[in-house]
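Here is the structure we will look at, set down as structure tokens.
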Amino acid sequence: MIDFDKVQPRTGTNSVKWDAIQEMYHREGLLPLWVADMDFLAPEAVTNALQDAVAKGIYGYSIFPDSLYSAIIDWQQTRHGFSLEKEAILFNSGVVPSLALALQSYTAENDAILIHDPVYHPFADVIKRNNRRLVRAPLLEKAGHFEMDFAAMEQAIVENNIKLFILCNPHNPGGRVWTKEELTTIGLLCQKHHVFVVSDEIHQDIVFAPHRFTSFQTVDPSFTAFSIVLTSATKTFNLAGIKNSMVFIKDPALRKRFVAAQERNVQGEINTFGTVATEAAYREGAPWLEALLPYLSDNAAFIQSFLQTHMPNVRVQMPEGTYLMWLDFSAYGLSDQQLQRILINEAHVVLNQGTIFGPHGSQHMRLNFACSRSILEKVLHQIAEAFETIDRKK
Ligand SMILES: Cc1ncc(COP(=O)(O)O)c(C=O)c1O
């Protein structure tokens with residue numbers, strides 16, 4: 001079993017998280033808790049399956065084997081109570097590429113697309129790059145977590161003639177795992193106003209008890225007529241580089257439109273090593289995931305307690321899922337530039353700036369806590385030290 005405490009050296013591995021920052025910030029020695037991959041080794045079963053595939057020595061075109069479909073079907077059924085037929089499963093080279101195809105399949109140029117504010121930033125990028133109109137509905141921060149503002153969403157839908165809503169469940173960057181009740185309300189709202197729903201469920205397996213993940217398509221069978229689900233094994237098992245994902249489309253007519261967009265973009269084939277890794281992860285990765293989840297939730301608790309003691313001015317949203325934490329620095333009254341400057345130049349740590357997730361992310365930072373405890377401790381101490389003088393002045 002993986003020792004999550006062991007620091008795995010990643011510098012010099014062409015890692016975006018560890019290596020790209022030298023060029024971005026022109027500094028050595030920064031500690032990166034930003035882009036969403038983990039600093040942990042993937043499950044051994046995945047590495048073994050990839051090594052077996054490499055050992056064969058022939059890397060020609062491949063089909064999607066039945067064993068891959070059944071691994072996905074079993075995983076969705078046993079972990080999420082989501083029943084899928086083989087026909088409903090399509091493959092693609094990533095959730096973000098699938099978002100682009102979904103926009104092309106179910107909307108036209110200049111159509112208005114709704115997302116939350118804040119939310120995973122490529123949603124906005126994909127909408128703009130596909131010449132659709134971006135409309136954001138702010139989330140409400142209540143009792144230390146995000147809630148959907150259904151009234152504001154309905155108003156935005158009606159006023160802008162919204163055609164499609166991209167849901168992020170579990171929510172990045174806030175870590176909310178939307179409840180069945182919340183999903184029912186939003187589903188009914190979208191049904192009422194003929195809004196198509198694309199549900200990004202890539203973080204579905206990183207959920208901390210007692211919270212439970214609910215797929216949008218299990219909420220009500222009628223929701224499958226106006227929605228698709230995008231997911232992947234890549235977040236769960238730390239495989240982001242394999243560029244492999246699934247699209248679940250139960251409705252045959254909707255599936256046909258998505259396949260047509262895939263063909264138009266020549267996107268029907270994906271990397272063989274990715275499918276090998278996905279199958280091995282779903283078949284044999286569960287014990288690894290069961291060991292990972294408590295490690296991650298202890299990391300989250302560690303951050304909360306550290307900040308309460310050393311930086312009580314930073315407000316924390318405790319994540320219900322994901323390995324991402326949304327930190328509110330607004331009590332310091334700093335501009336976004338000042339906040340970033342202190343973190344980079346004085347604390348020597350890289351987090352994600354809140355503003356990339358939408359205007360409501362101002363004065364916030366997203367911290368990726370999927371790292372060994374010793375790195376997390378180091379990062380937090382460096383941040384606390386950098387803010388000590390500001391805290392003293394308060
Ligand atoms: C909500 C969400 N969707 C999609 C992705 C990326 O998916 P992919 O690498 O399959 O495009 C991420 C990565 O952080 C994410 O957080």
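Predicted, not measured: the structure shown is a model, and the values here were computed from it. Remember, it's 1-based here, ligands and their atoms both numbered in the order they're listed. What you see below is based on every heavy atom in this structure, not just the backbone, and it leaves out hydrogens, waters and symmetry mates.
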Handout entry: Exam field: side chain N244 to backbone T275, donor-acceptor pair closer than 3.5 Å
Key = yes

Problem - Per-atom contacts, ligand 1 versus H203 - under 4.0 Å to a heavy atom - result: 1 (C), 15 (C), 16 (O)

Handout entry: Per-atom contacts, ligand 1 versus C168 - under 4.0 Å to a heavy atom
Key = 1 (C)

Practice task
Check the side chains of S105 and R264 for a donor-acceptor pair under 3.5 angstrom, ignoring hydrogens and angles.
Solution key: no

Exercise for the section: May I ask you to check whether E201 and S199 show a side-chain donor-acceptor distance below 3.5 Å? Expected result: yes

Handout entry: Residue, atom name and distance, where the atom is the protein heavy atom closest to atom 11 (O) of ligand 1
Key = V96 N, 3.0 Å

Exercise for the section: Considering the heavy atoms of P97, write down every atom of ligand 1 situated less than 4.0 Å from one of them. Expected result: 11 (O)

Practice task
State whether the shortest distance between N or O atoms of N172 and N or O atoms of ligand 1 falls below 3.5 angstrom.
Solution key: yes

Practice task
Determine, for Y295 and R373, whether the Lys NZ or Arg CZ falls below 6.0 Å from the six-membered ring centre while staying within 45 degrees of the axis.
Solution key: yes

Exercise for the section: Would you please indicate if the ring centroids of H194 and F226 are separated by under 6.0 Å? Expected result: no

Completion exercise
Among non-hydrogen protein atoms, atom 8 (P) of ligand 1 lies closest to V95 N, 3.5 Å

Problem - F165 ring center near F123 ring center (under 6.0 Å) - result: no

Problem - I202, portion touching ligand 1 at heavy-atom distance under 4.0 Å - result: side chain

Practice task
Starting from atom 1 (C) of ligand 1, find the nearest protein heavy-atom neighbour and note its residue, name and distance.
Solution key: D200 OD2, 3.3 Å

Practice task
Indicate, with yes or no, if the rings of W288 and F40 have centres closer together than 6.0 Å.
Solution key: no

Problem - Proximal atoms of ligand 1 relative to K235 (non-hydrogen, under 4.0 Å) - result: 12 (C), 13 (C), 14 (O)

Practice task
Please report which non-hydrogen protein atom sits nearest to atom 6 (C) of ligand 1, along with the residue it belongs to and the distance in Å to one decimal place.
Solution key: Y120 OH, 3.3 Å

Practice task
Under 4.0 Å from a heavy atom of K243: give me the atoms of ligand 1 that qualify, with their elements.
Solution key: 9 (O), 11 (O)

Exercise for the section: Give a yes or no on whether the ring-centroid distance for Y25 and W34 is below 6.0 angstrom. Expected result: no

Exercise for the section: Enumerate the atoms of ligand 1 whose separation from the nearest heavy atom of A36 is less than 4.0 angstrom. Expected result: 14 (O)

Exercise for the section: State, without any angle test, whether S362 and D336 hold a side-chain donor-acceptor pair at a distance under 3.5 Å. Expected result: yes

Completion exercise
Per-atom filter on ligand 1: closer than 4.0 angstrom to a heavy atom of G94 are 10 (O), 11 (O)

Handout entry: Any N or O of A240 closer than 3.5 Å to N or O of ligand 1
Key = no

